[in-house]
Amino acid sequence: MQHLHTEIIINASAEKVWGILTDFAKFPEWNPFIVSIEGNPEVGTRLRTELKSGNGTSVFKPKVLVADKNKTFEWIGSLPIPGLFNGQHLFKIEPIENNRVKFIQSEQFSGLLAGLIIKQIGEETRKGFVSMNEALKKRAEG
């Protein structure tokens, strides 16, 4: 299993960060990594998610696993053939004190092709996480 992990301190309430994170319609305004999400942040639903990658974008349709308001939002995406490649993506908001949180964005990759795919996209994906985290911080603190 392969794992990517990023985090950032945001000087805003968990409620504000959650509101920005789950307001998918506004992602194109601020998010440099996940440029579009269609669907609802509700457990069991499928989203249509568009990521900026290299010179273009890639689309995938993850299933929402967790939508714990103001705390955790998690989904899993996979290739059409089971067992080849899965990505379980986590957004976590941990309160530190009033109007200050730690925002964690991570992903666990599994399946037969996980190692190979991570070698190809791992560094670019980590940079995407960091750019999104920084943009979320700017929006929440602005």
Side-chain angles (χ1 to χ4, degrees), residues 1-96 99-142:
M1 201 173 303
Q2 306 286 323
H3 186 253
L4 292 177
H5 178 95
T6 61
E7 54 186 63
I8 194 167
I9 302 299
I10 300 176
N11 296 308
S13 68
E15 294 80 10
K16 185 169 188 178
V17 173
W18 178 264
I20 295 167
L21 185 65
T22 57
D23 188 354
F24 300 153
K26 293 187 179 168
F27 269 39
E29 295 175 13
W30 67 269
N31 197 326
F33 179 57
I34 302 174
V35 295
S36 170
I37 296 182
E38 296 171 11
N40 296 309
E42 298 168 359
V43 173
T45 62
R46 286 244 175 237
L47 304 174
R48 182 188 182 280
T49 306
E50 191 172 344
L51 299 178
K52 184 161 178 50
S53 59
N55 296 327
T57 59
S58 57
V59 174
F60 68 103
K61 296 179 179 177
K63 182 178 179 181
V64 177
L65 300 175
V66 179
D68 190 1
K69 189 175 181 180
N70 303 327
K71 295 179 183 176
T72 306
F73 183 56
E74 188 171 358
W75 68 51
I76 189 164
S78 59
L79 291 177
I81 300 169
L84 286 184
F85 182 74
N86 297 313
Q88 192 162 333
H89 199 99
L90 171 71
F91 302 99
K92 189 168 183 138
I93 303 166
E94 294 181 349
I96 297 172
N99 292 319
R100 193 163 196 225
V101 300
K102 179 192 296 184
F103 177 73
I104 297 167
Q105 183 174 188
S106 65
E107 188 146 1
Q108 293 257 146
F109 300 95
S110 61
L112 294 173
L113 300 178
L116 179 64
I117 291 174
I118 290 306
K119 283 181 185 175
Q120 293 175 344
I121 66 163
E123 186 55 28
E124 182 180 342
T125 301
R126 189 192 66 72
K127 286 178 183 176
F129 288 9
V130 170
S131 68
M132 178 181 166
N133 294 356
E134 290 170 352
L136 177 61
K137 176 181 175 74
K138 183 177 179 181
R139 190 160 179 100
E141 292 180 356

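None of the values given here were measured: they were computed from a predicted structure.
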Value rounded to 0.5 Å, distance of NE2 in H5 from CD in Q108:
11.0 Å
Do the non-hydrogen side-chain atoms of T49 and L51 ever get within less than 4.5 Å of each other?
yes
Heavy-atom distance under 4.5 Å between the side chains of L65 and V43, does that happen here?
no
Are I93 and F73 close enough that some pair of their side-chain heavy atoms sits under 4.5 Å apart?
no
Would the F60 and H89 ring centres measure less than 6.0 Å apart?
no
Restricting to non-hydrogen atoms, name the atom on V101 and the atom on A14 that form the minimum distance, rounded to 0.1 Å.
CG1-N, 3.7 Å
N133 versus T6, side-chain donor and acceptor atoms under 3.5 Å:
yes
Approximate separation, where rounding is to 0.5 Å, of I76 CD1 and E74 CD
8.5 Å
Partner of I10 under side-chain contact (heavy atoms from CB on, under 4.5 Å), chosen from K138, K137, E134:
K137
Of the non-hydrogen atoms in V35 and P28, which two are nearest, and what is the gap between them?
O-CG, 3.4 Å
With a 4.5 Å cut-off on side-chain heavy atoms, are L21 and M132 touching?
yes
Checking the side chain of K63 only, and the main-chain atoms of G44 only, is there a donor and an acceptor separated by less than 3.5 Å?
no
Separation of I34 CD1 from F24 CZ (nearest 0.5 Å)
8.5 Å
pair S78-F85: side-chain heavy atoms closer than 4.5 Å:
no
Under 3.5 Å, is there a donor-acceptor pair linking the side chains of E50 and T57?
yes
Are F91 and W75 an aromatic pair, judged by ring center distance below 6.0 Å?
yes
Are E29 and R139 close enough for a salt bridge, meaning some N to O gap below 4.0 Å?
yes
Can you confirm whether L113 sits close enough to L79 that some side-chain heavy atom of one is under 4.5 Å from a side-chain heavy atom of the other?
yes
Under a 3.5 Å cutoff, is there a donor and acceptor pairing between the side chains of Q88 and E107?
no
Tell me whether R100 contacts the main-chain N or O of N11 through its side chain, where contact means a donor paired with an acceptor under 3.5 Å.
no
Separation between NZ of K102 and CD1 of I96, rounded to the nearest 0.5 Å
6.5 Å
Any donor-acceptor N/O pair, T125 side chain to I121 backbone, under 3.5 Å
yes
Do S106 and L90 have side chains that get closer than 4.5 Å, going by heavy atoms?
yes
Could you report the tightest heavy-atom contact between N99 and S13, atom names first, then the distance?
OD1-CB, 3.4 Å
Taking side chain as C-beta onward, heavy atoms only, is F109 less than 4.5 Å from I117?
no
One should read off an interatomic distance between L4 CG and E123 CD, to the nearest 0.5 angstrom, of 8.5 Å
One should read off an interatomic distance between S131 OG and F33 CZ, to the nearest 0.5 angstrom, of 7.0 Å
